[in-house]
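Only this structure's heavy atoms are used, side chains among them; waters, hydrogens and symmetry mates stay out. This one's a predicted model, so the numbers in the text were calculated from it and none came from an experiment.
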Amino acid sequence: MATLSMVSVPIATSSLPLSARGRSSSISFPAPKKGGIGHGGLRIECIRIGGVEIPNHKRVEYSLQYIHGIGRSRSRQILLDLNFDNKVTKDLSEEEVITLRKEVTKYMIEGDLKRFNRVAIERMKEIRCYKGIRHKLGLPVRGQRTKNNCRTLKGRRASVAKKKSPAAQEE
């Protein structure tokens, strides 16, 4: 059974209210637990994988989804390939983190994936294919209707002046 020891830390007097400055006081914090990733008494809040800091308090399957290019199915596939349990990220050992980093580098993620997509769109614009023209005009590319919707791509409505009736023009 684990016991929790307390560490006492002195407080700077400038951070105390005026009424408490005369007394000497200290605050007690629980001592850091052994295990997990940390250096000495310091705890690392996030693990850096693929150039992204993934959260420490979530399970590995969901933490990996913070990396651009890794979704739910790919994160599950990575865990299956490595035979890892889907445990909380902060409970991973350093060896597990290293093997996870090596597995993630096998996929096209983050900057490489964004660059690949950007180059593909630029190529479509250059060869003037249908999708390239739609990208250039800022219209939906994948066959969506444009009569009523797609305001985010087309922008705000431009008001068109109505024609006056012939009776109104004669007066």
Quiz prompt | Heavy atoms from other residues, nucleotides or ligands near NZ of Lys87 exceed 12 (cutoff 6.0 Å) | solution = yes

Quiz item: So which heavy atom on Lys58 is nearest to which on Tyr66, and how close?
Solution: NZ-OH, 2.7 Å

Quiz item: Taking the hydrophobic residues Ile, Leu, Val, Met, Phe, Trp and Tyr, and joining any pair whose side-chain heavy atoms are under 4.5 Å apart, which ones share a cluster with Val160?
Solution: none

Quiz item: In Å, rounded to the nearest 0.5 Å, how long is the span from CG of Asn56 to CG of Asp91?
Solution: 8.5 Å

Practice problem: Please examine the side chains of Leu100 and Val60, heavy atoms only from C-beta on, and report whether any two atoms are closer than 4.5 Å. | Solution: yes

Quiz prompt | Nearest-0.5 Å distance, CZ of residue Arg115 to CD of residue Glu122 | solution = 14.0 Å

Self-check item: Shortest non-hydrogen contact between Val97 and Ile47, atoms and distance
Solution: CG1-CG2, 3.7 Å

Donor-acceptor pairs under 3.5 Å, side chain of residues 143-153 to any protein atom, not counting sequence neighbours: which ones?
from: Gln144; atom 1: OE1; to: Arg142; atom 2: N; distance (Å): 3.1
from: Arg151; atom 1: NH1; to: Gly155; atom 2: O; distance (Å): 2.9

Quiz item: Under 4.5 Å between any side-chain heavy atoms of Lys136 and Arg128, yes or no?
Solution: yes

Quiz item: Rounded to the nearest 0.5 Å, how far does CG of Leu137 lie from NZ of Lys125?
Solution: 10.0 Å

Self-check item: Sequence neighbours excluded, every pair satisfying side-chain hydrogen bond (donor to acceptor under 3.5 Å, both in side chains) that has a member inside residues 97-107
Solution: Glu103-Lys106

Exercise. Calculate, to the nearest 0.5 Å, the distance between atoms CD1 and CD belonging to Ile67 and Gln65 respectively.
Key: 10.0 Å

Quiz item: Taking the hydrophobic residues Ile, Leu, Val, Met, Phe, Trp and Tyr, and joining any pair whose side-chain heavy atoms are under 4.5 Å apart, which ones share a cluster with Val141?
Solution: none

Quiz item: Of the non-hydrogen atoms in Ser63 and Thr89, which two are nearest, and what is the gap between them?
Solution: OG-OG1, 2.9 Å

Exercise. Measure the shortest side-chain to side-chain distance between Ile98 and Glu95 over non-hydrogen atoms and say whether it is less than 4.5 angstrom.
Key: no

Self-check item: Co-members of the apolar cluster containing Val88 [side chain, <4.5 Å]
Solution: none

All N/O donor-acceptor pairs, side-chain side in residues 68-83, below 3.5 Å, sequence neighbours left out:
from: Arg74; atom 1: NH1; to: Gly69; atom 2: O; distance (Å): 3.3
from: Ser75; atom 1: OG; to: Glu61; atom 2: O; distance (Å): 3.1
from: Ser75; atom 1: OG; to: Gly71; atom 2: O; distance (Å): 3.2
from: Ser75; atom 1: OG; to: Arg72; atom 2: O; distance (Å): 2.9
from: Arg76; atom 1: NE; to: Glu61; atom 2: OE2; distance (Å): 2.7
from: Arg76; atom 1: NH2; to: Glu61; atom 2: OE2; distance (Å): 3.4
from: Gln77; atom 1: NE2; to: Asp81; atom 2: OD1; distance (Å): 2.9

Quiz item: Are Leu139 and Ile133 grouped together when hydrophobic residues (ILVMFWY) are joined by side-chain heavy atoms under 4.5 angstrom apart?
Solution: yes

